[in-house]
**Student:** 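Below you'll find the structure I mean.
Reminder, nothing fancy here: chain letters follow the sequence lines and each chain counts from 1.
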Amino acid sequence: MSQHTLAVLVENSPGVLARVASLFSRRAYNIDSLAVGPTENPDISRMTIVLNLDGHVLDQVMAQLYKLVNVIAISEMPLASTVHRELLLVKVSDKKSSEIHAVVEKFHATIVDETEGVITVEATGETSHIAKLLAALTPFGIKELVQSGLVALERGSAALSDRTLSAQGISTLHELGTQADYQN
Amino acid sequence: MSTEITGASSLVKSLEAAGVDVMFGIPGGAILPAYDPIYDSKIRHILVRHEQGAGHAATGYAQATGRTGVCIATSGPGATNLVTPLADAQMDSVPLVAITGQVPSAAIGTDAFQEADIRGVTMPITKHNYLITDPADIPRAIAEAFHIANTGRPGPVLVDIAKDALQKMTNFKYPKNIQLAGYKPQLKPNDQAIRDAAALIAQSSKPVLYVGGGIIKANASKELLRLAELIGAPVVTTLMARGAFPDSHALHLGMPGMHGTVAAVTALQKSDLLITLGARFDDRVTGKLSTFAVHAKVIHADIDPAEIGKNRFADVAVIGDLAQTIAALIPAVQAEFKKSPPDLTPWLRQMNSLKATYPLGYNHPEDGSVSPQYVIERLGAIAGPDSIYVAGVGQHQMWASQFVKYEKPRTWLNSGGLGTMGYAVPAAMGAKVGMPDTTVWAIDGDGCFQMTNQELVTCALNNIPIKVAIINNESLGMVRQWQTMFYESRYSNTSLDSKRIPDFVKLADAMGCVGLRCDRTEDVDSVIHEAMSINDQPVVVDFSVFRDAMVWPMVAAGASNDDIMIARGLAPDWDSQEL
């Protein structure tokens with residue numbers, strides 16, 4: 001078992017999130033996190049899905065996802081060639097305000113609110129960075145937190161949305177990386 | 001300048017534009033606007049007695065003809081009654097379009113009368129589905145639905161249309177081209193994959209053509225015959241592929257799987273190369289997966305990339321239309337054979353020995369009652385390979401797959417994947433509507449028959465003269481067989497008493513059919529001939545058969561195919577075979 005991040009371009013149509021969620025539920029694939037939002041094209045949304053599974057199951061997940069009519073393109077987002085970010089908002093008690101400020105500074109986080117004895121910290125970063133920040137803040141007493149789920153983007157000029165061009169629909173299929181992967 | 005028409009008229013014009021000639025359905029509140037233009041349409045609408053019947057009829061029509069079947073129902077319970085046929089069609093890759101009415105768009109989400117979120121309900125059991133609330137979207141949705149249903153790997157598509165979208169005025173414009181960014185089935189196989197597959201075939205000394213229902217979907221039986229004869233390899237046809245390759249052909253070993261022939265099951269187990277064509281390594285074929293065909297490399301040719309590696313690793317995957325795939329494979333294999341022709345003689349000798357030693361068979365019951373296998377065997381012999389046979393699910397289905405000899409594709413219809421009891425009568429109705437000049441026999445169990453027999457009323461009223469053979473063992477026979485084998489013959493709730501109640505002959509008569517009864521072996525042929533002679537009315541024959549007949553051979557659920565039994569407690573005599 002290992003962690004894999006998928007970027008999935010989907011048609012921005014009603015029910016598409018339910019279709020993806022239903023597929024994962026039906027085939028018993030566990031999602032670690034899922035983030036979805038609009039893209040540069042108003043007709044297309046982008047999902048970033050983090051999964052924990054074996055490599056050959058990942059091929060199957062991608063092939064099954066691609067069968068959904070509303071799914072346009074899928075790509076795995078390996079850490080080495082992509083930028084991974086999560087957003088964290090966390091409320092901590094301000095009893096040790098100066099120490100909290102020091103932690104926030106060390107982790108390049110931001111204080112976005114300080115009211116009624118509570119400091120709200122905002123941070124973005126890779127999953128490990130967010131986890132370390134949370135560990136550092138935990139002793140101060142975390143009242144509540146929210147995380148966005150991971151989003152990821154390929155480094156350099158490569159863009160998943162290039163593959164939404166109709167002529168490349170079939171090549172996308174071949175990029176699924178199934179066990180017997182052939183290029184036309 | 002086009003004139004405005006209602007969304008309902010736009011729907012019917014769209015169905016006409018899609019080439020629909022018949023649909024099966026029942027009206028109701030939400031779909032009612034559509035039934036007004038249906039009244040004037042050239043499309044034949046067959047009013048069924050239960051929406052499940054509409055769905056299976058559309059499936060039978062599609063399986064018999066290759067064209068897309070269409071069913072139509074109202075919202076709520078009308079739509080939910082289509083759930084079983086939709087799931088059935090999804091499992092067996094049947095091209096189906098289901099139209100359902102939905103409550104008016106303003107009422108959606110309010111738990112309105114006869115509201116059910118059928119799009120949500122059917123998401124996991126359809127290839128795709130739609131909820132339409134704007135009448136302008138109707139033609140595009142219908143065009144896309146037919147395109148998706150009957151291209152690539154076929155499957156069911158549901159189009160749910162809000163009542164107000166049917167009532168509002170709109171312009172009708174049927175799209176000429178369909179562009180779906182996320183749906184582009186790959187039809188042409190990859191050249192390198194074809195070469196790799198041909199190389200594996202040339203290296204193999206124990207190849208088997210493992211043929212699934214995809215061959216029938218792709219209309220690739222002729223190509224399959226050429227490929228099989230070119231390689232000279234034995235062929236096995238799965239439950240969904242019966243008829244894809246002639247049973248009479250010397251290379252045919254029969255059906256593999258839980259109730260497959262010893263030769264077919266053993267061929268897969270001992271093979272060094274599975275040439276898998278439109279099959280999906282279903283658990284009923286593989287038995288315990290970790291012990292399935294352990295020595296075999298796998299060529300997996302399928303139009304659905306998601307089948308590759310789903311259950312079994314593929315050494316070579318060929319994604320594409322099977323007719324194109326086989327057509328490309330033939331010259332590639334010929335080229336390989338020129339370099340080094342294979343010698344399959346020892347392999348064929350072994351398989352032919354198994355085929356000769358362990359043919360399918362049965363015993364006539366000692367108590368003098370009628371053997372169900374005999375009835376089905378005689379039915380197949382008398383009605384012949386040009387008839388269409390439609391089975392329910394259970395023992396009679398397995399016997400019908402074993403003892404009717406199929407020579408042609410689309411002559412064997414059954415619910416293979418979902419295993420839907422009650423499939424036979426409505427599916428036979430749909431098949432007969434699609435193929436009116438062909439004899440259509442439903443081979444049904446007494447349990448199955450009691451689930452959907454009301455469609456015989458539809459048949460009687462609409463001049464759809466199907467024939468039904470009820471294999472009446474007054475039991476849920478397959479479940480009873482499992483109780484015999486695995487539950488110490490404790491027959492919990494499998495006795496139906498259907499030799500006593502209902503009286504199937506009277507029931508047939510009441511539904512406008514001819515009812516016949518047969519409870520003596522010597523009468524079987526004459527009753528079948530009598531049924532064959534009646535062509536102006538549906539016929540139901542109640543064959544009263546031996547209760548404790550069992551389906552053999554059998555690989556128990558979860559067991560290895562190596563542990564196939566040819567009768568209770570009896571394994572093949574492997575020591576006498578050269579394997």
**Student:** At what distance, to the nearest 0.5 angstrom, does NZ of K310(B) lie from NE2 of H56(A)?
**Tutor:**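 Here the rounded value is 13.0 Å.
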
**Student:** State, to 0.1 Å, how close P14(A) and R119(B) come at their nearest heavy-atom pair, and which atoms those are.
**Tutor:**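 For P14(A) versus R119(B), the nearest heavy atoms are O-NH1, 3.2 Å.
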
**Student:** Sorted by first residue and then second, give each side-chain hydrogen bond (donor to acceptor under 3.5 Å, both in side chains) pair with at least one member in residues 118-132 of chain A; sequence neighbours left out.
**Tutor:**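 Sorted pair list: E86(A)-T127(A).
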
**Student:** Provide the closest heavy-atom pair for Q60(A) versus G309(B) in the form atom of the first, atom of the second, distance.
**Tutor:**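 Nearest heavy atoms, Q60(A) then G309(B): NE2-C, 4.4 Å.
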
**Student:** Identify which part of V69(A) has an atom lying under 4.5 Å from any heavy atom of chain B, answering side chain, backbone, both or neither.
**Tutor:**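 Interface part for V69(A): both.
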
**Student:** Applying a criterion of heavy atom separation less than 4.5 Å, what residues of residues 124-141 of chain B form contacts with chain A?
**Tutor:**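 Only P124(B), K127(B), H128(B), N129(B) of residues 124-141 of chain B have a heavy atom under 4.5 Å from chain A.
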
**Student:** Check each atom of L65(A) against the heavy atoms of chain B and say whether the ones under 4.5 Å are side chain, backbone, both or neither.
**Tutor:**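 No part of it gets close to chain B.
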
**Student:** Just wondering, do M123(B) and R26(A) contact through their side chains at under 4.5 Å, heavy atoms?
**Tutor:**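 They are not in side-chain contact.
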
**Student:** Applying a heavy-atom distance below 4.5 Å, give me the residues of residues 103-112 of chain B that approach chain A, sorted by number.
**Tutor:**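 Listed by number, there are no contacting residues, so the answer is none.
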
**Student:** Listed by residue number, which members of residues 294-301 of chain B have a heavy atom under 4.5 Å from any heavy atom of chain A?
**Tutor:**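 Not one residue of residues 294-301 of chain B has a heavy atom under 4.5 Å from chain A.
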
**Student:** Inspect the surroundings of CD in E105(A) and state if more than 12 heavy atoms from other residues, nucleotides or ligands are less than 6.0 Å away.
**Tutor:**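 No - once you tally the heavy atoms of other residues, nucleotides and ligands closer than 6.0 Å, there are 12 at most.
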
